[in-house]
Enquirer: 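Let me begin by handing over the structure; questions about it come next.
We use all heavy atoms of the structure for the numbers below, so side chains are in, but hydrogens, waters and symmetry mates are not. Keep in mind that what you see is a predicted model, and the values were worked out from it rather than measured.
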Amino acid sequence: AISGDPDGQTALYDAIYQAVTDTSAQKGQRAVIVITDGRDFDGKKFGTEEELEAVIQYAVSNNVPVYTIGLGLLINEKALDKIAKQSGGEYRYAPQSSDLEAIYRAIAEVLLNQYTVSYTTKLIGSGSHMLDVRVKSAGVIGSDCREFGVNRAGAMPWIPLLLLEE
């Protein structure tokens, strides 16, 4: 069980940044799991929207999805959901620490069933492009569609996709 007396002072965005840094140095499949109330407060100031966006971009640029778990009753679900979805992870809510085991199992199931698909694009220039991926394997069909930008020929950014059964 998780216990303790949290003081409400967690430099959450700094912690995620450090976890992504540490994880991105590892080989193989990588992910960060964060258990938090979702509030970023370092004891002096609250985190800003710009800092939130920066940590998300850092996770995306390092190909490290962040899975967030909101633990407790007063959760900043908006921030936790944004971090998870935009980095390629998932957000889960745990009102009590006893809910964590099921959440860990669900996250493990997702991670064990992920595959990486990559390709080199011939698109050049600024602007947005859409990537539509459809996969069929063992009778299961999944798909996802995401917007991305290209800065130079062949530079394909890492785009987290969620393949949903159709």
Enquirer: Which ring-ring contact (aromatic ring centres under 6.0 Å, His included) pairs, counting each pair once, include a residue from residues 51-103, with sequence neighbours left out?
Expert: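 Residue pairs passing ring-ring contact (aromatic ring centres under 6.0 Å, His included), neighbours aside: Y17-Y58.
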Enquirer: Does D37 form a side-chain contact (heavy atoms from CB on, under 4.5 Å) with N76? I'd like the steps, not just the answer.
Expert: CA-CA 6 Å; D37 63 6; N76 183 352; over 6 Å; no
Enquirer: Hey, could you give me the CD1/NZ distance between I56 and K85, rounded to the nearest 0.5 Å?
Expert: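 One gets 12.0 Å once the value is rounded to the nearest 0.5 Å.
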Enquirer: Using modelled atom types and a 3.5 Å cut-off, is there a donor and acceptor pairing between side-chain atoms of R30 and backbone atoms of S24?
Expert: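 At least one qualifying donor-acceptor pair exists.
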Enquirer: List the residues meeting ring-ring contact (aromatic ring centres under 6.0 Å, His included) with Y13, not counting sequence neighbours, and say none if there are none.
Expert: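 Testing Y13 for ring-ring contact (aromatic ring centres under 6.0 Å, His included), a comparison that skips the adjacent residues, returns none.
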Enquirer: At what distance, to the nearest 0.5 angstrom, does CD1 of I107 lie from CD1 of I33?
Expert: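 I107 CD1 to I33 CD1: 4.5 Å, rounded to 0.5 Å.
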Enquirer: Just jot down the salt bridge (charged side-chain N to carboxylate O under 4.0 Å, His left out) partners of E101, sequence neighbours excluded, or say none.
Expert: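 Once residues adjacent in sequence are excluded, the partners of E101 under the salt bridge (charged side-chain N to carboxylate O under 4.0 Å, His left out) criterion are R105.
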Enquirer: Roughly how far, to the nearest 0.5 Å, is OG1 of T68 from CG of L12?
Expert: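 One finds 9.0 Å between CG of L12 and OG1 of T68.
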Enquirer: Using atom types as modelled and distance alone, determine if a side-chain donor or acceptor of E51 lies under 3.5 Å from a backbone N or O of T48.
Expert: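 Side chain of E51 to backbone of T48, a donor-acceptor pair under 3.5 Å: yes, one is there.
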Enquirer: So, the side chain of D14 versus the backbone of A11: is there a donor-acceptor pair under 3.5 Å, distance only?
Expert: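 It does not hold such a pair.
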Enquirer: Is the closest basic N to carboxylate O distance between K82 and E53 below 4.0 Å?
Expert: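 Yes, this pair counts.
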Enquirer: Sequence neighbours left out, what passes side chain to side chain contact (heavy atoms under 4.5 Å, CB included) with D22? Give chain and number order.
Expert: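 Testing D22 for side chain to side chain contact (heavy atoms under 4.5 Å, CB included), a comparison that skips the adjacent residues, returns Q18.
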Enquirer: Applying salt bridge (charged side-chain N to carboxylate O under 4.0 Å, His left out), can you list everything that pairs with E109, at least two apart in sequence or on another chain?
Expert: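 Partners of E109 under the salt bridge (charged side-chain N to carboxylate O under 4.0 Å, His left out) test: none.
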Enquirer: Nearest 0.5 Å please: distance from the CD1 atom of I35 over to the CG atom of L100.
Expert: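 Going from CD1 on I35 over to CG on L100, the span is 5.0 Å.
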Enquirer: Donor-acceptor pair, Q29 side chain versus L111 backbone, under 3.5 Å?
Expert: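 Checked: pair present.
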Enquirer: For E77, enumerate each residue passing the salt bridge (charged side-chain N to carboxylate O under 4.0 Å, His left out) test, keeping only those at least two apart in sequence or located in another chain.
Expert: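 Scan of E77 (salt bridge (charged side-chain N to carboxylate O under 4.0 Å, His left out), adjacent residues dropped) gives none.
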Enquirer: Can a donor-acceptor pair be found, under 3.5 Å and without considering hydrogens, that links the side chain of R39 to the backbone of L74?
Expert: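 Indeed, once roles are kept as given, a pair shorter than 3.5 Å links the two residues.
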